[in-house]
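Just follow the structure's listing: the first ligand is 1, and inside any ligand the first atom is 1. Small disclaimer: the values here were computed from a predicted structure and weren't measured.
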Amino acid sequence: MSELKLGDKAPNFDAETSEGKINFYDYLGDSWGILFSHPADYTPVCTTELGTVANYKDEFEKRNVKVMALSVDGLESHEGWIKDINETQNTTVNFPIIADEDKKVSNLYGMIHPKADDTQTVRSVYVIGPDKTIKLMITYPASTGRNFDELLRVIDSLQLTAYNKVATPANWKHGEDVVISPSVSNEEADKMFPKGYKTVKPYLRITPQPELKK
Ligand code: BEZ
């Protein structure tokens with residue numbers, strides 16, 4: 001079982017995918033990345049998830065994010081299933097799906113949780129930064145489809161906080177006020193946040209969202 005933690009290097013791999021043989025790091029280049037697993041091909045929740053991700057292509061592109069999916073089914077199965085996803089979800093799958101029949105990548109990333117299911121992957125999501133370190137890990141059970149709006153929201157937060165000394169409060173969405181990191185002194189904050197900030201408590205200082213870099 002993989003013991004990956006936030007901040008660890010995302011393991012690199014070569015894999016057979018629905019778009020040919022791919023080296024993960026080469027595929028990511030300098031972009032942000034999402035690697036996400038689903039339990040099995042030809043299953044209802046997974047079909048809606050992959051269709052949703054394909055339909056969010058522009059949202060991922062705007063954020064400079066490349067997406068790769070994984071299941072432990074084979075290439076032939078993926079190819080037939082992609083046709084169903086395109087047909088039923090009114091889309092065109094536009095990202096590679098790993099055919100991880102030998103479970104090499106699933107095991108590398110700890111995507112099989114034996115007490116949930118010892119043969120299929122759970123719904124894991126890894127967000128990987130341009131430095132190839134793991135910025136976010138979320139795990140859902142097979143019975144719960146993921147909320148990809150939440151994933152976009154978290155990516156906005158990750159990208160904002162990677163380049164600015166701020167953090168995003170509960171339920172924050174792009175464009176809303178943020179909080180100044182506790183490590184920043186008031187003297188530094190005066191220079192760093194030209195739009196100003198409001199001190200609610202000495203540890204709770206609110207400022208308009210700085211510009212987003214990706
Ligand atoms: C699904 O994608 O619908 C699914 C897959 C495995 C178990 C339960 C649901």
Side-chain angles (χ1 to χ4, degrees), residues 1-6 10-11 13-22 24 27-28 32-61 63 65-128 134-156 158:
M1 179 93 177
S2 162
E3 290 289 336
L4 288 175
K5 298 274 191 296
L6 296 186
F13 55 82
D14 293 306
E16 292 294 347
T17 81
S18 54
E19 297 187 0
K21 200 171 169 127
I22 291 183
F24 189 47
Y27 174 74
L28 293 178
W32 288 70
I34 292 177
L35 178 66
F36 69 118
S37 59
H38 54 270
D41 294 4
Y42 297 104
T43 50
V45 177
C46 300
T47 301
T48 62
E49 284 195 325
L50 268 66
T52 300
V53 171
N55 281 325
Y56 279 20
K57 182 178 196 285
D58 291 351
E59 295 301 325
F60 290 117
E61 270 180 12
R63 292 166 175 81
V65 176
K66 290 202 162 168
V67 173
M68 193 180 283
L70 173 150
S71 92
V72 297
D73 291 318
L75 267 190
E76 213 174 299
S77 165
H78 284 1
E79 277 156 19
W81 184 41
I82 285 170
K83 288 189 192 133
D84 282 5
I85 299 170
N86 292 346
E87 179 197 323
T88 61
Q89 307 303 305
N90 195 24
T91 195
T92 302
V93 170
N94 42 44
F95 50 86
I97 308 175
I98 300 171
D100 196 35
E101 284 182 291
D102 61 2
K103 303 193 175 77
K104 184 182 85 179
V105 181
S106 309
N107 285 324
L108 205 52
Y109 277 83
M111 291 165 163
I112 294 178
H113 294 209
K115 287 182 185 152
D117 189 314
D118 57 6
T119 55
Q120 297 179 332
T121 48
V122 291
R123 298 185 198 281
S124 301
V125 187
Y126 287 89
V127 176
I128 295 154
I134 296 172
K135 305 297 184 193
L136 175 82
M137 302 159 59
I138 325 181
T139 308
Y140 296 71
S143 51
T144 304
R146 284 160 280 205
N147 183 329
F148 291 94
D149 290 320
E150 166 62 2
L151 196 55
L152 293 175
R153 188 192 76 86
V154 179
I155 288 167
D156 285 342
L158 289 170

With heavy-atom distances below 4.0 Å as the criterion, list the atoms of ligand 1 near [X].
| X | result |
| --- | --- |
| C46 | 1 (C), 2 (O) |
| R123 | 1 (C), 2 (O), 4 (C), 5 (C) |
| T43 | 1 (C), 2 (O), 3 (O), 4 (C), 5 (C) |

Are [X] and [Y] close enough that some pair of their side-chain heavy atoms sits under 4.5 Å apart?
| X | Y | value |
| --- | --- | --- |
| L4 | Y126 | yes |
| D117 | P39 | no |
| L35 | F24 | yes |

Short N or O distance, [X] and ligand 1, threshold 3.5 Å exclusive:
| X | value |
| --- | --- |
| Q120 | no |
| P39 | no |
| V45 | yes |
| S143 | no |

Problem set entry | Heavy atom of the protein closest to atom 7 (C) of ligand 1 (residue, atom name, distance) | A142 CB, 3.6 Å
Exercise. For atom NZ of K66, is the number of surrounding heavy atoms from other residues, nucleotides or ligands below 6.0 Å larger than 12?
Worked result: yes
Exercise. Looking only at heavy atoms, which two atoms of S106 and L70 are closest? And how far apart?
Worked result: OG-CD2, 3.6 Å
For this session: Please report the closest heavy-atom contact between T47 and Q89, naming both atoms and the distance.
Result: O-CG, 3.5 Å
